[in-house]
Asks: 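Below you will find the structure I want to go over with you.
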Amino acid sequence: MATSLYVGNLPFTSSQSSVEALFAQHGTPISVNLIMDRVTGRPRGFGFVEMEDNDARNAIAALNGTDFEGRTLRVNEAEKRPAPRRW
DNA sequence: GATGAGCGA
């Protein structure tokens with residue numbers, strides 16, 4: 001079973017691949033998804049990483065509260081997505 | 001800077 005991780009307080013200079021590389025040190029990222037404002041194209045400073053739950057727990061413990069490129073990372077299990085919208 | 005986007009076949 002895989003768990004979705006919320007990773008927040010990211011430096012705006014970070015990219016999907018740098019986050020993936022970071023989490024790869026503490027588990028196997030299944031997918032990495034940095035959220036950006038679809039209208040302005042601006043990064044929103046947070047994202048989501050999916051991992052097997054044991055890897056997820058390990059990554060949270062290892063990375064939450066640590067410093068990453070000048071920001072203190074926030075890592076925890078992600079909340080559910082907002083209500084579904086009809087396209 | 002703070003809890004997503006995906007949507008066509």
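Chain letters run A, B, ... following the sequence lines, proteins first, then strands; residues in each count from 1.
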Asks: Any chance you could lay out the side-chain hydrogen bond (donor to acceptor under 3.5 Å, both in side chains) test for A:Glu50 and A:Ser31, step after step, and finish with the verdict?
Replies: CA-CA 5 Å; A:Glu50 188 181 355; A:Ser31 65; 3.1 Å; yes
Asks: Pick out which of A:Leu10, A:Asn64, A:Val19, A:Asn9 makes a side-chain contact (heavy atoms from CB on, under 4.5 Å) with A:Leu73.
Replies: A:Leu10
Asks: Working to the nearest 0.5 Å, report the span between OG1 of A:Thr72 and CG of A:Asp67.
Replies: 5.5 Å
Asks: Sub-3.5 Å donor-acceptor pair from the side chain of A:Asp55 to the main-chain atoms of A:Thr28, do we have one?
Replies: yes
Asks: With a 4.5 Å limit on heavy-atom distance, are the side chains of A:Tyr6 and A:Glu79 in contact?
Replies: no
Asks: By a strict heavy-atom criterion of less than 4.0 Å, which residues belonging to residues 46-61 of chain A are in contact with DNA chain B?
Replies: A:Phe46, A:Phe48
Asks: Does CD belonging to A:Gln16 count more than 12 external heavy atoms closer than 6.0 Å?
Replies: yes
Asks: So which one's nearest nucleotide on DNA chain B is more toward 5', A:Ile35 or A:Leu10?
Replies: A:Leu10
Asks: State the dot-bracket string of DNA chain B. Criteria: Watson-Crick or G-U wobble, both atom distances under 3.5 angstrom; notation: ( ) intrastrand, [ ] crossing earlier pairs, | interstrand, . unpaired.
Replies: .........
Asks: Between B:dG4, B:dT3, B:dG1, spot the one nearest the side chain of A:Arg74, thanks.
Replies: B:dT3
Asks: Is there a side-chain polar atom (N or O) of A:Arg38 under 4.0 Å from OP1 or OP2 of B:dG6?
Replies: yes
Asks: Could you pull out all residues at least two apart from A:Ser15 that satisfy side chain to side chain donor-acceptor pair (under 3.5 Å)?
Replies: A:Ser17
Asks: From C-beta outward on A:Ser4, which listed nucleotide comes closest to its side chain: B:dG1, B:dT3, B:dG4?
Replies: B:dG4
